[in-house]
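Below is one structure, written out as structure tokens, with a few remarks after it.
We name chains A, B, ... by the order of the sequence lines, and we start the count at 1 in each one. Reckoned from all heavy atoms, side chains included, excluding hydrogens, waters and symmetry mates.
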2 protein chains.
Amino acid sequence: MSYTKAEENYLKAIYSIGVKTGDIVSTNDLAQRLETKASSITDMIKKLSAKDLISYEKYKGVSLTSTGKKIAVSIIRNHRLWEVFLVERLNFKWDEVHEIAEQLEHIKSDKLIDNLDDFLDNPKFDPHGDPIPSKDGIMPKREESAIVNELSLGDEGMIVGVKNSKKEFLQYLEEIQLNLGKKIEVLKIFSFDNSVLIKSGEREITLSDQVSKNIIVKRS
Amino acid sequence: MSYTKAEENYLKAIYSIGVKTGDIVSTNDLAQRLETKASSITDMIKKLSAKDLISYEKYKGVSLTSTGKKIAVSIIRNHRLWEVFLVERLNFKWDEVHEIAEQLEHIKSDKLIDNLDDFLDNPKFDPHGDPIPSKDGIMPKREESAIVNELSLGDEGMIVGVKNSKKEFLQYLEEIQLNLGKKIEVLKIFSFDNSVLIKSGEREITLSDQVSKNIIVKRS
DNA sequence: TTTTTATTTTAGGCAAGTCTAAATTTTATA
DNA sequence: TATAAAATTTAGACTTGCCTAAAATAAAAA
Ligand SMILES: [Mn+2]
Ligand SMILES: [Mn+2]
Ligand SMILES: [Mn+2]
Ligand SMILES: [Mn+2]
């Protein structure tokens with residue numbers, strides 16, 4: 001069985017919204033994520049439901065069936081492997097790869113993905129620190145991690161991921177030279193606006209709450 | 001300006017049929033190539049003509065405008081670069097790459113193709129010996145070459161391409177161990193059925209007319 | 001040159017995926 | 001609990017790319 005790009009994108013969206021909402025996803029949330037109108041969502045979820053890729057009860061939102069989830073996860077695998085390829089082999093920056101991976105993720109060929117995975121030495125995380133599901137759908141777990149936002153004074157850690165992969169945010173991090181692997185230490189916490197002063201290498205940087213709550217670190 | 005997959009495939013088909021027919025391409029030839037009905041072709045060529053990608057006169061066939069040709073050539077460039085990637089880096093056999101490249105050729109990103117080209121060390125020919133157009137549309141010329149079919153007794157040469165890239169043909173060549181780069185010598189020519197006996201390495205192989213007229217060699 | 005055949009185009013229709021406007025159902029608020 | 005607001009679905013329409021059947025045109029044969 002093979003699915004259309006639209007179907008795959010719907011399943012992927014349902015998957016990733018579902019992770020946050022506890023599996024059940026509303027029509028409006030999907031419409032926002034997919035930048036379409038709610039009525040279009042209703043049309044499509046009827047089709048996906050007819051194909052048993054999602055469970056749907058009128059007015060009550062949708063959730064993925066196990067088949068639907070399998071497909072969603074495999075598209076996410078494709079997406080993240082391609083992102084690794086673009087950054088590791090084709091010299092792209094981490095803020096340039098998402099849109100291209102959105103296209104590449106829909107290329108149909110099992111062998112292609114298997115060989116790509118091997119070619120890249122079976123990476124476990126993508127350029128944004130997101131886990132790459134294995135062929136059989138298992139998401140590698142990151143070691144115990146925290147958000148910069150919730151660190152205490154004096155805590156140290158290494159950046160292992162971001163919670164926001166929007167171009168603008170990634171470019172901002174690039175600009176202040178905070179990328180995956182960088183070590184940081186919390187020097188000050190300003191409780192009135194939740195900003196933090198951190199040390200990274202020899203530099204001291206102030207991070208707003210907006211920023212610090214989107215950076216994932218491994219304590220060290 | 002960006003084009004749909006269908007539009008790109010039509011332009012590519014018009015280009016490659018045109019090379020053989022002297023640019024003008026008939027509705028039926030296109031229908032056959034694209035495996036659609038003639039009426040569908042008429043529909044699409046009206047659209048392509050309205051976009052000034054082809055010249056079209058009712059009942060008289062179509063030809064590419066310079067814009068149309070530019071697009072067709074750039075899709076061919078994508079296709080062939082991806083084929084090189086699949087064979088050279090992902091361990092695919094030359095008979096396995098065409099269908100995947102048919103998908104990959106439509107990925108939209110100039111930077112992707114530029115970087116891929118560099119990553120592959122700017123190859124001039126694809127795994128089937130077909131020339132890869134440069135970024136500005138120039139097709140590398142193969143050095144003086146001949147078809148095995150038209151060699152004379154005693155002639156020697158190296159395989160530099162095939163005129164038929166169909167899976168079955170490529171697999172057959174694989175099986176008799178004739179791939180790009182192999183040296184051959186013509187030992188006998190059987191005029192009654194135009195088959196030839198050739199020597200390749202230590203082995204002697206008989207090639208039917210069907211086969212020998214689809215192998216391109218550089219004399220040596 | 002007329003007739004037959006092959007090619008191409010037109011007419012009308014269908015599925016996918018989207019939209020706007022209107023109707024329905026659910027949820028929140030008074 | 002009644003009413004207002006928000007969320008969702010339905011109705012009807014549009015575009016893209018394809019189809020079948022029929023009509024029009026061009027090419028080949030008689
Ligand atoms: Mn991404
Ligand atoms: Mn990512
Ligand atoms: Mn090919
Ligand atoms: Mn090729």
Side-chain angles (χ1 to χ4, degrees), chain A residues 1-14 17-18 20-64 68 71-72 75 102-103 105-106 108, chain B residues 1-14 17-18 20-64 68 71-72 75 102-103 105-106 108:
Chain A
M1 201 73 15
S2 192
Y3 303 90
T4 67
K5 209 178 284 194
E7 288 171 333
E8 290 179 347
N9 283 335
Y10 271 76
L11 294 174
K12 197 162 59 111
I14 295 168
I17 297 172
K20 288 166 202 155
T21 61
D23 289 358
I24 288 202
V25 177
S26 74
T27 300
N28 265 2
D29 283 359
L30 272 173
Q32 189 181 20
R33 168 68 62 106
L34 294 168
E35 297 179 275
T36 54
K37 301 293 163 170
S39 54
S40 308
I41 301 292
T42 305
D43 285 346
M44 181 59 104
I45 63 187
K46 282 180 189 166
K47 293 172 195 163
L48 294 175
S49 177
K51 295 185 180 184
D52 274 317
L53 299 172
I54 61 177
S55 311
Y56 170 48
E57 234 185 305
K58 253 193 192 179
Y59 292 103
K60 303 218 165 144
V62 299
S63 63
L64 294 174
I71 297 162
I75 300 299
E102 284 292 311
Q103 301 178 60
E105 69 188 8
H106 301 291
K108 263 82 182 169
Chain B
M1 201 72 19
S2 192
Y3 304 91
T4 66
K5 210 179 284 193
E7 288 171 334
E8 291 179 346
N9 283 334
Y10 271 75
L11 295 174
K12 197 162 56 113
I14 295 167
I17 297 172
K20 288 166 201 156
T21 61
D23 289 357
I24 287 203
V25 176
S26 74
T27 301
N28 264 2
D29 282 359
L30 272 173
Q32 190 181 19
R33 168 68 62 105
L34 293 168
E35 298 180 273
T36 54
K37 301 295 164 165
S39 54
S40 307
I41 301 292
T42 304
D43 285 345
M44 181 58 104
I45 63 187
K46 282 182 190 164
K47 293 172 196 162
L48 294 174
S49 177
K51 295 186 181 184
D52 274 317
L53 300 173
I54 61 176
S55 311
Y56 169 48
E57 233 186 305
K58 251 193 195 179
Y59 292 104
K60 304 216 165 143
V62 299
S63 63
L64 294 174
I71 297 162
I75 300 299
E102 284 292 311
Q103 301 179 61
E105 69 187 9
H106 302 291
K108 263 82 182 170

Can you check the A/Lys37 NZ to D/dA13 C1' distance for me, whole Å?
16 Å
Any A/Thr27 side-chain N or O less than 4.0 Å from OP1/OP2 of D/dT9
yes
Round to the nearest Å and state the distance from A/Tyr3 atom OH to C/dA16 atom P.
14 Å
Measure the CG-CD distance between B/Asn9 and B/Glu102 for me, rounded to the nearest 0.5 Å.
6.0 Å
Quickly work out the A/Gln32 CD to D/dA6 P distance and round it to whole Å.
15 Å
Under 4.0 Å between any heavy atoms, over every strand shown, what does B/Ser40 touch: base, sugar-phosphate, or nothing? Just pick one.
base
Here the distance between atom C1' of D/dT16 and atom CG of B/Asn9, to the nearest Å, is 14 Å
Looking only at heavy atoms, the pair that brings B/Tyr3 and B/Glu8 closest together is O-OE2, 3.8 Å
I want to check something: taking the side chain as every heavy atom from C-beta on, are B/Ile71 and B/Leu53 in contact at a cut-off of under 4.5 Å?
yes
Give a yes or no on this: more than 12 heavy atoms of other residues, nucleotides or ligands lie within 6.0 Å of atom NZ of B/Lys108.
yes
Could you tell me whether A/Ala38 contacts a base, only the sugar-phosphate backbone, or nothing, with contacts defined as non-hydrogen atoms closer than 4.0 Å?
base
In whole Å, what is the span from the CG atom of B/Asp43 to the C1' atom of C/dT10?
9 Å
Under 4.0 Å, heavy atom to any atom of DNA chain D: which of residues 46-58 of chain A qualify?
A/Lys46, A/Tyr56, A/Lys58
Hey, does the side chain of B/Asn28 come within less than 4.0 Å of C/dA6's phosphate (OP1/OP2), counting only N and O?
no
Between P of D/dG17 and OH of B/Tyr10, the distance in whole Å
9 Å
So, does B/Lys58 use its side chain to make a donor-acceptor pair with the main chain of B/Tyr56 at under 3.5 Å?
no
Quick one: on DNA chain C, does A/Met44 or B/Ile41 contact a more 5' nucleotide (nearest heavy atom)?
B/Ile41
May I ask you to say what A/Thr42 touches in the nucleic acid, namely base, sugar-phosphate or nothing, with a heavy-atom cut-off under 4.0 Å?
base
Within the distance-only criterion (no hydrogens, no angle test), does the side chain of A/Lys5 pair as donor or acceptor with the backbone N or O of A/Gln103 below 3.5 angstrom?
no
How long is the span from the OG atom in B/Ser2 to the CD atom in B/Glu7, to the nearest 0.5 Å?
9.0 Å
Find the distance B/Lys60:NZ to D/dA24:C1' and express it as a whole number of Å.
15 Å
Between C/dT20 and A/Ser39, counting only base atoms on the nucleotide and side-chain atoms on the residue, is there a donor-acceptor pair under 3.5 Å?
yes
Taking CD1 from A/Ile24 and C1' from C/dT26, how many angstroms apart are they, rounded to a whole number?
15 Å
